[in-house]
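The structure appears below as structure tokens.
In what follows, chains carry the letters A, B, and so on, assigned in the order in which the sequence lines appear, proteins first and then strands, with residues in each chain numbered from 1. For the numbers below, each heavy atom of this structure counts, side chains included, while hydrogens, waters and symmetry mates do not.
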Number of protein chains: 2
Amino acid sequence: MQALSERNKKILCAIVQSYINYPDPVGSRAVTKRYSFGLSPATIRNIMADLEDLGFLTQPHTSSGRVPTDLGYRFYVDSLVAEESYHPNIEVLHDLYRKLETLKNDIDTLLSETTKNLSTLSHYLGIAMSPRPNMTTLRRINLLKLGTHKIAAVLFTDEGLLKNKIITMDSDFTQRDLNRIAGYLNSEFAGQTVDDIRLRIIREMSKEKTNCYRLISRAMRICQEAFTFPYSSLFVSGLSEVLELPDFADLKKIRELSRAIEEKHNIIKLLDRLSESEGVQIVIGSENSLDELKKLSVVVSPCKEGDLTIGVVGIIGPTRMNYSRAIYIVENTAKFITKMLAER
Amino acid sequence: MQALSERNKKILCAIVQSYINYPDPVGSRAVTKRYSFGLSPATIRNIMADLEDLGFLTQPHTSSGRVPTDLGYRFYVDSLVAEESYHPNIEVLHDLYRKLETLKNDIDTLLSETTKNLSTLSHYLGIAMSPRPNMTTLRRINLLKLGTHKIAAVLFTDEGLLKNKIITMDSDFTQRDLNRIAGYLNSEFAGQTVDDIRLRIIREMSKEKTNCYRLISRAMRICQEAFTFPYSSLFVSGLSEVLELPDFADLKKIRELSRAIEEKHNIIKLLDRLSESEGVQIVIGSENSLDELKKLSVVVSPCKEGDLTIGVVGIIGPTRMNYSRAIYIVENTAKFITKMLAER
DNA sequence: TTTAGCACTCTCAATGCTTAAGTGCTAATA
DNA sequence: TATTAGCACTTAAGCATTGAGAGTGCTAAA
């Protein structure tokens, strides 16, 4: 079992390419017809058998054409340089995203609309996520008295997130109290991540018994609630788009897909991990650690402004995905969103 | 063509009931077997033919059992009094909703979790919607300076909604300016609905040229943005639940369903309309004005606290729905949510 | 008015048959 | 030695046929 010859690499890529374009297993004759390697079907057959032995291809059943394995797709994606594949014109993308300009102050709506763009462009599921509030850097906190025992905490972060929480307290506060507390919190905590702040609060709280400053002890109690955010918002759209694909022609596949996207929790974790790196990340089928995604591929890119991750955008689709196109779309979407958010 | 005899009504209901329990068209023999009317299949056949003529039943094809039409379901639902049908124990519901107690200050998360409850309980799609900010009554507005030219407007409404918006202005403001403007706005607008306020602002703006008070003219410009909310949040979940139903066994139906739930816009409008009435509302198949919903049924109930609508919860499922159970679930869910929100 | 009986209709699952696509292997060829 | 032509073999998929089963409508009898 020797390594891949240059020629065989090309043939492997051609097979993958062909399968991506036409949803049928590709046979030896199809390869000779669609690509001109100057080889006869019989030779291609031999090579295909070799590629199968190496784990790049499989046969759905004896005597049908070959289909790429996840390893095959991986090889193809890794050797994708500048495919001649047809992409949506950059202008089209530009126009689509220009329409979202007005939303740049409302991250959630912006991201949710972005997923619609992603899915109409790619015909796969569009996904987008705002940064987890827990990982963001506090710029400013304001406390507003809403009613007896009720306080609104308004958090504003470096990433441009504006989050609010209603807190119900045992004791009552005047707005003046709250201003002083907020002032204290800002001086102490501004510039730290919400997570770090939470940690510090827990430490402070344990010291609290011995703490004679009422201000601080009260501030701590408020914070404990204010800095606890239950979720990061994940937006998904384009289900009806995906259901048109031949890859999701049977009920079982659809069930799997729907389960995958209902477990937002898991996808959030995945995206969190993927958004640590830079640029477009691609996870193909079984490479995925999540069971629900083992038959799907994920193409995502973080939107980064310097070191700050201000969002993640991407696509989920079948492993038989037009990767070249998907990468192009995700890459440029990330660029547009980043630019838009940077201009705020 | 005479009106329905009492006996025929009972038989119609029995047929609908049977079809709801078992997903196969019901034949004359099945009726005599499952319900004891003391009549032979032949008689039932005659009656069924009559019921078909009256538009309550149809046959998928000559020589199969009958299936209720939307009119048939409507008749059944209207004559549902206290069905003996088996409902989830009220305790189960109670337990499920008690788990959401901690979310009562965060309406969006509360509603989103509620849809999950609704769908696991009913096996249909769970839906929930918070009131449109536009229709809510302003209790209080606060303006916070975020940075140069950037203001956060925090709105708090009688319904307990807390909304914020980031506004970018041409000119800069000090926090003192903003406080004065907010004070003015509160004295002028508190107690009015956001929609009314918008109207008034437009009127004020046209007078503005002649208005020499800088305070007011500035306030108006801020408001114009602050009181424009793009959407009302609709939560939907339970797709994978629904895909298990025999009613959605074929691809076409699933596509229709997925298109229906991606048009959130339309559903929001529908729910808005339905939430004006009180108690559980039921819309069956073609009774629905939306094309996407013409093959589905909707069971919803507003959550009302006095005159204030603080949310809508409900279920979307096939017309072949266990209405009795659905009504029970929706009714009690609405009660729990209302109670929970009233206790805030 | 109800019922039994019967011919008729339609779906559905199973069967067998044919076709088309594609393979692997062997032997001939450059 | 690598490539190719040829051929037997495998499998899925489409198609018509068949029979069973469920259900109907109608007629005539109770």
(message) Looking at A:F56, is its backbone amide N or carbonyl O close enough to the side chain of A:T69 to form a donor-acceptor pair, meaning the two atoms are under 3.5 Å apart?
(response) yes
(message) Rounded to whole Å, how long is the line connecting atom CG of B:D50 with atom C1' of D:dT24?
(response) 14 Å
(message) Quick check: do A:R7 and A:L39 have side-chain heavy atoms less than 4.5 Å from each other?
(response) yes
(message) Output the rounded distance in Å from CG (B:D53) to P (D:dT24).
(response) 14 Å
(request) Sequence neighbours left out, what pairs pass side chain to side chain donor-acceptor pair (under 3.5 Å) with at least one residue falling in residues 237-249 of chain B? (result) A:E262-B:S240, B:T115-B:S237, B:H123-B:E241, B:D247-B:R320
(message) From CG of B:L39 over to P of C:dA4, roughly how many Å is that when rounded to an integer?
(response) 11 Å
(message) How many whole angstroms separate atom CD1 of B:I47 from atom C1' of D:dT24?
(response) 15 Å
(message) If the cut-off is 4.0 Å, is A:S40 near the phosphate of D:dT3, judged by side-chain N/O to OP1 or OP2?
(response) no
(message) Can you give me the bend angle of the helix from C:dT1-D:dA30 to C:dA30-D:dT1? Use the axis through the first five pairs and the one through the last five, nearest 10 degrees.
(response) 20°
(request) Over all heavy atoms of both residues, which pair between B:A260 and B:L296 is shortest? Give the atoms and the distance, please. (result) CB-CD1, 4.3 Å
(message) Looking at B:K294 and B:N288, would you say the former's side chain and the latter's main chain have a donor-acceptor pair under 3.5 Å?
(response) yes
Pairs of donor and acceptor atoms involving the side chains of residues 22-30 of chain B, under 3.5 Å and at least two apart or interchain, shall be tabulated with distances.
| residue | atom | partner | partner atom | Å |
| --- | --- | --- | --- | --- |
| B:S28 | OG | B:R45 | NH1 | 3.2 |

(request) Mind calculating the distance between OH (B:Y22) and P (D:dA22) to the nearest angstrom? (result) 16 Å
(message) Among residues at least two apart in sequence or on other chains, which ones pass side-chain contact (heavy atoms from CB on, under 4.5 Å) with A:K269?
(response) A:H265, A:N266
(request) Check side-chain hydrogen bond (donor to acceptor under 3.5 Å, both in side chains) between B:E287 and all other residues, then give those that pass, not counting sequence neighbours. (result) B:R74
(request) Could you tell me the separation between the CZ atom of B:R34 and the P atom of D:dA22, rounded to a whole number of Å? (result) 13 Å
(request) Treat primed atoms plus P, OP1 and OP2 as sugar-phosphate and everything else as base, then score nucleotides 10-30 of chain C 5' to 3': B for base contact with protein heavy atoms under 4.0 Å, S for sugar-phosphate contact only, - for none. (result) BS----------BBB------
